[in-house]
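One structure below.
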Amino acid sequence: MSRVRTLATLGTALVALCTPIAALADPLTPTGKWSANTDGSAAVPPMGWSSWNAFNSDVDEEKVLASAQALIDTKLRDIGYRYVNIDDGWWLKRRQPDGRLLIRTSHFPSAATGADTSFRSFTDRLHAMGLKVGIYSDIGRNSCGQIYTPDFKNQPEGSVAEREVGLYGHVDQDIRLFFAEWNFDFLKVDGCGARGLPVDAPRVKSGLYRALTPLVDMQSLGGTDIAGIRRLYEQVHTALHTHAGDRPYVYSLCLWGAGDVRAWGKDVGNTSRTSDDIQPVWPRMLTNLDTVTHRALYAHPGSWNDPDMLFVGTGDFDAAHSAEARSHFALWAMLNAPLIIGYDLRKLTPDLLAIFGNADIVALNQDSAGNQAVLAYDSSEVQTFVKTLADGSKGVALFNRTASPAKAVLTAEQLKMLPTADVRLKDLWTKKEQSFRKEIAVTLAPHETLVFRATGTRRLPGGLYLSEQTGRVNPATDGVVVPQPDPTIYQSITPWTGTRGGGEHPQYGGWGGAEADRAPYGKLLRVAGTDFDTGIGVLANSRLEVRNQGYARFAAKVGINDSGQPRSGTTVFEVWGDGRLLAKSRPMGFGEAAVPLEAKVAGVLIVELVARGSGAAANAATPQPAIWADAALLK
Ligand code: GLA
């Protein structure tokens, strides 16, 4: 704690010192551009299968090909499950002295093509099946298996140097091999090697591994070299650009929400893990889910939040637990998580196929607007998520987190629809249809998620609220000065420590910043005593980029949220269009009623919303919460 405080004070002092000379690099300066990642091929969340949850590192060619064939036989490929990804366990060693990676040909016999070993015939075969293929590496010198699960099968072999199979020092060589030579389409890059090899670790002292000064500390951002770890992941991005050529690729970041990846993952990769590993147990699914629920504005076409792969089919999510399995699947779909099956598809049952193969629910995930569901109602028992789809209809999930039945009410207002007109609901599990006005009461079975597609009369005709188009709103700068872990994340008992030690506290820096229909830190939107159920809440000293799809007008009411600390200081709200200032508020202080702010944006491609704090509003460790209430783009 004291370390964080010291850093914050230092940060503020540095900002003050640097501002006059660093004006050009001011992150609040509008650029007229969209800065979140759009490289690669992830306009919608990637879907497919991975070996890890099914087999851990005990992976081989036969298992992978059998699951690939199952994707075809079951027609899962035809509704979007196209990626077949090998995770940890494929590598044998890094040959010395030329550094070429060698494949474990005992497990991948088609790779035994001579001294060089090659995955090319393997990827050719999968490509010929109409599939895409993924491979796995680590940003450090060593793999997760070597460091954290050395008892698992198929660990790299040989001398210290031969066992250094990670990308560190070999980025260009390995990415060229994976993409230009072996023709892979997807790369997951883990981060264990940059975390687990401090000089005093027993595995280093014993001479098994070379030390690598950790860049990432899972427990503390103060102990993390944020710029250093980001730079390494950016190097991989650059190498992908070079070596994938014109071929589409997916770059999947696996830093578990550590390293302040919350702030930069969306600018570097196509998907970014927000949590440590999922397990096939209900409480752990809750933990992973909770790491994405407040982060709708950080996910866009080309850059998705990743709460980890699906465990549908296993443990608490097996065929005997259909409520749990369906909830896990539906929630992942609603939150635009990659839908990567982690089940041995040779054992697929009709019940499980009905879950993976629910085309209506898959369609929520793959909707072209790319809006992650927004938390409409929140509690530790029931949560309501609403996802605005490209055709203006809504995906809705009513989720019972508890092991008891729960009563829930869904309101037309939560859907941003008129309460006086019919709202039609189609249940995406049973396909039954019904309609209601104002609100509807339902009972949720233990752990059940009801999923609907809803249509009705929009409350805002001729426009779209920004919180209904989160896929087009990017918090380029979100005002967070001191990153904090999200305290709302369910703290499950991890299988790796059990109840030994003091417990794993939420360690992921995903808190604060920008939220849809909420103020930062999960607070409700309320300015000078007036409640708003719609808007974007962000901290002062922030800049949001908004893609304008042909709208003529921007309108909002701006002010400081009542949850704000400090109360002194002011924030000015500015609207920019393709780099030109269009409108500006007077300085707004705590307790002042929200004021209208409008701008003409016809022909503008990128609208930027800048909230500039001054005085205490700017310099606090937690700047003022700046609210763009009812923010909308209108015809
Ligand atoms: C880490 C990742 C997992 C998996 C394993 C492989 O734990 O988070 O998803 O890739 O490594 O060892």
Side-chain angles (χ1 to χ4, degrees), residues 47-56 58-59 63 66-71 73-76 79 81 87 275-290 307-335 337-362 364-365 380-383 385 397-408 427-432 442-452 490 492-496 498:
M47 291 175 66
W49 176 91
S50 159
S51 56
W52 180 252
N53 286 352
F55 303 115
N56 292 153
D58 192 11
V59 56
K63 290 172 179 166
S67 284
Q69 189 59 46
L71 289 179
D73 298 343
T74 55
K75 303 204 176 344
L76 288 175
I79 60 166
Y81 294 92
D87 207 281
S275 61
D276 210 329
D277 294 5
I278 192 167
Q279 300 293 320
V281 292
W282 181 258
R284 190 69 197 171
M285 189 279 287
L286 293 181
T287 301
N288 283 41
L289 169 72
D290 292 348
D308 204 358
M309 299 173 282
L310 295 165
F311 244 130
V312 172
T314 308
D316 287 357
F317 311 102
D318 67 11
H321 297 85
S322 68
E324 287 78 3
R326 288 172 169 206
S327 284
H328 175 19
F329 185 72
L331 292 163
W332 260 234
M334 284 284 291
L335 288 149
L339 295 181
I340 306 290
I341 297 171
Y343 186 67
D344 181 352
L345 290 179
R346 295 173 302 189
K347 301 184 188 150
L348 194 64
T349 61
D351 289 348
L352 289 173
L353 178 58
I355 296 177
F356 293 128
N358 185 319
D360 286 337
I361 293 182
V362 166
L364 298 179
N365 181 265
S380 300
E381 295 161 39
V382 171
Q383 289 175 313
F385 294 95
L398 293 154
F399 171 42
N400 179 5
R401 297 169 67 98
T402 76
S404 312
K407 288 195 190 322
D427 183 316
L428 299 187
W429 290 118
T430 64
K431 318 296 179 193
K432 283 200 188 117
V442 297
T443 301
L444 301 165
H447 293 168
E448 185 183 24
T449 303
L450 285 176
V451 197
F452 301 107
Y490 186 81
S492 52
I493 299 171
T494 66
W496 39 94

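Numbers for residues simply follow the sequence, beginning at 1.
- No donor-acceptor pair closer than 3.5 Å links the side chain of Asn53 to the backbone N or O of Tyr343.
- A donor-acceptor contact shorter than 3.5 Å is absent between the side chain of Trp332 and the backbone of Pro338.
- Taking all atoms of both residues into account, the shortest heavy-atom contact from Val451 to Ala330 is CG2-CB, 3.5 Å.
- The backbone N or O of Phe356 lies less than 3.5 Å from a partner atom in the side chain of Tyr81, making a donor-acceptor pair.
- You'll find the side chain of Val362 reaches within 4.5 Å of the side chain of Phe329, heavy atoms only.
- Once rounded to the nearest 0.5 Å, the distance linking CD1 of Ile341 with CE of Met309 reads 12.0 Å.
- Looking only at side-chain heavy atoms (C-beta outward), Asp360 and Lys431 come within less than 4.5 Å of each other.
- With respect to the salt-bridge test (charged N to carboxylate O, under 4.0 angstrom), the residues Arg284 and Asp308 do not qualify.
- Taking CG of Leu398 as the start and CZ of Phe385 as the end, the distance is 10.5 Å to the nearest 0.5 Å.
- Counting only distance, with no hydrogens or angles, the side chain of Asn400 and the backbone of Thr402 share a donor-acceptor pair below 3.5 Å.
- Counting heavy atoms from C-beta outward, Leu353 and Leu76 have side chains that approach closer than 4.5 Å.
- The backbone N or O of Ser327 sits nowhere less than 3.5 Å from a side-chain atom of His447 that would complete a donor-acceptor pair.
- Distance alone, capped at 3.5 Å, places no donor-acceptor pair between the Ser67 side chain and the Asp344 backbone.
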- Task: Starting from the C-alpha separation in whole Å, work towards a yes-or-no answer on side chain to side chain contact (heavy atoms under 4.5 Å, CB included) for Asp276 and Thr494.
- Result: CA-CA 10 Å; Asp276 210 329; Thr494 66; over 6 Å; no
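- Trp49 and Leu71 get closest at one heavy-atom pair: CB-CD1, 4.2 Å.
- Side-chain contact between Leu345 and Thr74: absent, with no pair of heavy atoms (C-beta onward) separated by less than 4.5 Å.
- Val59 and Ser51 get closest at one heavy-atom pair: CG2-CB, 3.6 Å.
- The closest donor-acceptor contact from the side chain of Asn358 to the backbone of Ala354 lies at 3.5 Å or more, if one exists at all.
- With a 4.5 Å cut-off on side-chain heavy atoms, His328 and Phe311 count as touching.
- Considering all non-hydrogen atoms of both residues, Trp282 and Arg401 come closest at NE1-O, 3.3 Å.
- A 6.0 Å sphere centred on NZ of Lys432 holds no more than 12 heavy atoms belonging to other residues, nucleotides or ligands.
- Under the side chain to side chain contact (heavy atoms under 4.5 Å, CB included) criterion, Ala68 pairs with Val84, Leu126, Met129, Leu131, sequence neighbours left out.
- To the nearest 0.5 Å, atom CG of residue Leu428 and atom CZ of residue Arg326 are 11.5 Å apart.
- The backbone N or O of Gly357 lies less than 3.5 Å from no partner atom in the side chain of Lys75, so there is not a single donor-acceptor pair.
- Contact of the Gln383 side chain with the Leu289 side chain is registered, since non-hydrogen atoms from C-beta on lie closer than 4.5 Å.
- When all heavy atoms of Pro446 and Ala403 are compared, the closest pair comes out as CB-O, 3.4 Å.
- Arg346 has its side chain out of reach of Gln69: every pair of non-hydrogen atoms, C-beta onward, lies at least 4.5 Å apart.
- We find the OG1-CG distance between Thr287 and Asp277 to be 12.0 Å, quoted to the nearest 0.5 Å.
- Counting only distance, with no hydrogens or angles, the side chain of Asn288 and the backbone of Ser275 share no donor-acceptor pair below 3.5 Å.
- The two residues Ala408 and Leu444 make their nearest non-hydrogen contact at CB-CD1, 4.1 Å.
- With contacts defined as side-chain heavy-atom distances shorter than 4.5 Å, the pair Val312/Leu352 qualifies.
- Residue pairs satisfying the salt bridge (charged side-chain N to carboxylate O under 4.0 Å, His left out) criterion with at least one member in residues 313-324, sequence neighbours excluded, are absent.
- Looking at Thr449, its side chain never comes within 3.5 Å of a backbone N or O of Ala397 through a donor-acceptor pair.
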